[in-house]
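Below: one structure, written as structure tokens.
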Amino acid sequence: MIDYLKGLNERQKEAVITIDGPLMIVAGAGSGKTKVLTTRIAHLMAQGVDAFNILALTFTNKAAKEMKERVEHILGNHEARNLYIGTFHSVFARILRSEATKIGYPSNFTIYDTDDAKSVIKTVINEMNLDDKHYKPSTVYNRISSAKNALVNAEEYKNDWHIQQEDMRANRPAIAQIYDSYAKRCFKNGAMDFDDLLIKFYELLKTVPESLSKYQRRFKYIMIDEYQDTNPAQYEIIKLLGAMHENVCVVGDDAQSIYSFRGATIENILQFQKDYDNVHVVKLEQNYRSTKNILNVANEVIANNKGQIEKTLFTDNGDGEKLKLVRTLTDNDEGKFVADTIQEQKLRNHYRNKDFAILYRTNAQSRAMEESLRRMGIPYIIYGGISFYQRKEIKDFIAYLRLIVNPRDEEALKRIINYPVRGIGKTTVDKCVLFANEQNISMWEVLTRAQEYGFKAGTLEAIDNFVTMIRSFASMLQKNNAYDVAVHVGKQTNIVKELFNDKSTEGLQRYENTQELLNSIKEWVDDTANRQQIDDDGVMIEEEKLFDEPEKPQQELSFDAAPAQTEEQKKLGAVTLGAYLQQITLLTDADDKDPDADNVKLMTIHAAKGLEFECVFAAGLEEQLFPSALSINTREELEEERRLFYVVITRAKKKLWITYANTRYKFGQIVQNEPSRFLDELPEQYVDKSYAGGGLRNQSSGSSFGGGSAFDRMKGGFGNRNNDYTDVANAEKRYGAPPKANTSKPSYATPPARPQTVEHKPAADFVASDTSNLEVGNKVEHQKFGFGEVIKMEGSAHNPIATVKFELNGEKKIMLNYAKLRIVN
DNA sequence: TACAGTGCTTTTTTT
DNA sequence: AAGCACTGTA
């Protein structure tokens, strides 16, 4: 075993060896939080605590996986596999899978993602004859979700005066009713949405004493990462689970609380100290991640927030470079600047692609970045946005699988009942739903008893065929693993073939996606089976059996009297389709991307929480965007935006660029934004300001205005101002002369002083030479820098870079793909 | 019933 | 810009 206490500082050591009683670790950014958590788990186990008795809740699946691996590494054995580590949602889903029947759900309950949930809400709204333009499913969903996260059920929602006032004011008084119907519909469908995974688990603990005591006894040590981002539902669950042993350790940083929109509240940190006596508090204030310059800026920025736990981050790291604050004309120019700078940094400082992250406030900002990176041939990967599992073809495929496992899943059923087209159209579906509602049975049941409802012969036959097919699939579940079932379904339904026959580019892509889905199911089956192998060898014992007498096989709510666990099922073990589906919805797309792959990472700041990168670009620092226009109405909202800014700054280890554009596209229209107010908060002594009028690539302007580089265009005539700056004087003071506009185009800014260049006037007949054979010693003429001599060649064949010593302007690195050089000799 | 074309809306962040 | 719902046509 590694001497794990070595290499910890005093505070970290304190946090690790304090194992009994409530502990709160206030961990500043980059203070070695993960290290402390993993070491603490290893320490617990080294002290003889059984891994089965340790529960660790993380914010992402990725963090859970990493934690497991690191504990394993420290201990040098595989005991860590037995730890209960995962996200709140996945851990609770797993437990609920074995306990769901106690609260009336089938053990194969479906997990609805946000799209499914909204779809159900929409159905409910329409059935209530409400206008779904006014009662927008997404608005209603958010409202319900907030309620759930605060442990407010439909009944309480209806009776809460304050909540009702809010809904009245928004002229949406029916939300309480929708909430009620929605909850009932989900229950009837045997489905839980994301929030249900929390509140149903809470309900289980509250209403089933055996379950409460079982898990209280089991989880002797509880650890919670990213505690500042927990919501009241999670708080209450922890409180219940930890009540027996009170060995609850929470780790968080109030300065990084950025999920209040999801119901998270910093109150939980204060409440924690009130709820337990003698909370041991440890502050980790030494930062090991960033340079002094970066950290100083971060500290000053966050100091603008009022309420916070007092702490001061410091570091022994070097000063590092100043931060670069860069303004560009457009969002496209911003993208170009970022791509150019990455290219330049790779060559100059030998960085790899994976050393860079481009972080932004909204997913929509990725597009401009993507285009530039693609044009430069820089490999990148985008996190977030539409995940793989949200693609239509994937959801369709999975809907079949869901229906097979849980025939009450009405969302899945409606999705595929006529896909591929089989003559069960909208009219028929509507009728089925109506019958189902009238008789309070599931839509599936209506289908199985279709002959009772007087459908036309043709329709009846179509329904019959459909039911027969689904039943035949379902009969496979007991003997076949998830992969085999999926392959069979793909073949029999013709959905794969249909996509295969679509020879359009999108069709091809969709076909490939279904193949990828099948591959990933295969991978999951193999992985899971492997882990089972270890069970058989006695290293690991699966699931809850360890603690209680074996439970009675649960009544399957699926198909006509499903038999209890058979030998075959036991042999099949954990690789069932049901088990597969249970985890699939909870996967983030970050989970199946390799973080070590050598590509530039693009993601929102939210998604970057907990990560670190050598070089970071914080993009889009503009009013309306960051801080978001929607979050500037209250101090609380604004402070959360500022914390978000703090988070992005503290992701950087070595270098940080902060960029913003004068104009950018929004909903297909150009909008003009002021620089972000947060830029005012950057202390000048740590920041270099500059202007990138299109970066190095001013020969190939791809900017939306066409013709010439941004810089060139700027030199053109300026017309009338037509912008609506509200704080002109201040803006000028900060950022130089005001943006101006010519008549037809948006305003341009005058750049702050650039590095001095002695202007060179090229000859009238200047013609760029072919520079593919350029070599050291060549004399050249550059359009702007004048005459010089090539002193060094580097870069790759398709992106050569020459270092030229100019007579008047000194040494410059010239990217030959973009610059025009005339070879003189 | 199925598809094609048209107009309309888009809330920041996510399990 | 783009996706979606709705309308009209075959």
Side-chain angles (χ1 to χ4, degrees), chain A residues 57-64 86-93 111-115 117-118 122 126 132-133 136-143 145 148-149 192-199 226 229-231 233-234 257-264 331 359-368 371 383-387 389-390 392 418-429 456 458-459 462 583-591 603-609 620 622 624-633 637 640-641 643-645 647-648 664-670 704:
Chain A
L57 297 171
T58 61
F59 201 69
T60 62
N61 295 304
K62 205 172 53 185
T87 62
F88 279 89
H89 295 266
S90 67
V91 165
F92 297 169
I111 299 173
Y112 278 165
D113 67 15
T114 310
D115 290 337
K118 284 180 188 168
K122 189 167 178 192
N126 290 331
D132 64 14
K133 294 247 160 51
K136 279 185 234 157
S138 50
T139 310
V140 176
Y141 174 79
N142 286 336
R143 205 72 190 132
S145 178
K148 287 183 173 181
N149 285 320
M192 299 194 197
D193 66 17
F194 287 136
D195 304 315
D196 286 336
L197 293 175
L198 306 182
I199 63 172
E226 308 286 6
D229 290 322
T230 52
N231 60 41
Q234 291 164 324
S257 164
I258 54 175
Y259 278 93
S260 73
F261 69 92
R262 215 165 86 184
D331 46 352
L359 308 179
Y360 34 75
R361 181 65 239 273
T362 67
N363 282 306
Q365 288 167 259
S366 68
R367 182 161 302 170
E371 270 170 28
Y383 289 78
I386 325 109
S387 104
Y389 298 101
Q390 289 176 311
K392 265 193 223 73
N418 203 30
Y419 172 82
V421 176
R422 53 172 68 88
I424 308 176
K426 195 176 179 301
T427 324
T428 309
V429 170
K456 275 188 293 184
T459 310
Q583 46 100 50
I584 203 76
T585 319
L586 297 174
L587 286 182
T588 324
D589 66 356
D591 294 325
M603 66 186 95
T604 63
I605 300 168
H606 283 88
K609 195 175 69 155
E622 295 140 38
Q624 311 298 313
L625 183 63
F626 193 7
S628 160
L630 297 151
S631 302
I632 49 177
N633 296 318
E637 287 171 343
E640 177 146 320
E641 294 285 309
R643 290 194 292 272
L644 208 45
F645 190 41
V647 168
V648 76
R664 73 172 61 239
Y665 277 87
K666 191 188 182 191
F667 301 142
Q669 290 212 304
I670 294 174
S704 27

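Order of the sequence lines sets the chain letters (A, B, ...), proteins ahead of strands, with each chain counted from 1. FYI, side chains are in, hydrogens and waters are out, and symmetry mates aren't considered; it's all heavy atoms of this structure.
- As rounded to whole Å, 14 Å separates atom P of B/dA2 from atom OH of A/Tyr419.
- In this structure, the nucleotide among B/dT10, C/dA5, B/dT14 sitting nearest to the side chain of A/Phe667 is B/dT10.
- In this structure, A/Tyr112 atom OH and B/dT15 atom P are separated by 21 Å, rounded to whole Å.
- Listed pair A/Asn363 / B/dT13 meets the phosphate criterion, a side-chain N or O lying under 4.0 Å from OP1 or OP2.
- In this structure, A/Phe261 does not pack face-to-face on the six-membered ring of B/dT14, missing the 5.5 Å centre cutoff or the 30° plane limit.
- Where stacking is scored as ring centres under 5.5 Å apart with planes under 30°, A/Phe194 does not register as stacked on the base of B/dT14.
- Nearest nucleotide to the side chain of A/Thr87, out of B/dT11, B/dT15, B/dA2: B/dT15.
- The distance from atom NZ of A/Lys118 to atom C1' of B/dT15 is 13 Å, rounded to the nearest whole Å.
- Looking at every heavy atom in both residues, A/Asn61 comes nearest to A/Leu586 through ND2-O, 3.2 Å.
- Out of B/dT10, B/dA2, B/dT14, the shortest distance to the side chain of A/His606 is found at B/dT14.
- A salt bridge does not link A/Asp331 to A/Arg367: none of the charged nitrogens lies less than 4.0 Å from a carboxylate oxygen.
- Distances were taken from every side-chain heavy atom of A/Arg262 (C-beta onward) to each of B/dA2, B/dT14, B/dT11; the shortest belongs to B/dT14.
- Atom-to-atom, CG of A/Asp132 to P of B/dT9 comes out at 13 Å; the value is rounded to the nearest Å.
- Contact of the A/Leu198 side chain with the A/His89 side chain is registered, since non-hydrogen atoms from C-beta on lie closer than 4.5 Å.
- At the phosphate of C/dG3, neither OP1 nor OP2 sits under 4.0 Å from any side-chain N or O atom of A/Lys392.
- The side chain of A/Thr428 sits closest to B/dT1 out of B/dT10, B/dT14, B/dT1.
- Checking the phosphate oxygens (OP1, OP2) of B/dT1, a side-chain nitrogen or oxygen of A/Thr427 falls inside 4.0 Å.
- Between A/Arg367 and A/Lys133, the one whose closest nucleotide on DNA chain C sits nearer the 5' end is A/Arg367.
- Distances shorter than 4.0 Å separate some side-chain N or O of A/Thr604 from OP1 or OP2 on B/dT14.
- Computed from coordinates, the A/Asn418 CG to B/dT1 P distance equals 9 Å when rounded to whole Å.
- Across the protein-nucleic acid pair, A/Met603 atom CE and B/dT14 atom P stand 11 Å apart, rounded to whole Å.
- Using atom P as the reference point in both B/dT13 and C/dC4, the two lie 16 Å apart (nearest Å).
- Using a 3.5 Å distance cut-off with no hydrogens or angles, the side chains of A/Thr585 and A/Asp113 do not pair a donor with an acceptor.
- Between A/Tyr259 and A/Phe59, the distance separating the two ring centers is shorter than 6.0 angstrom.
- For A/Thr362, counting side-chain heavy atoms from C-beta on, the closest listed nucleotide (B/dT15, B/dT13, B/dT14) is B/dT13.
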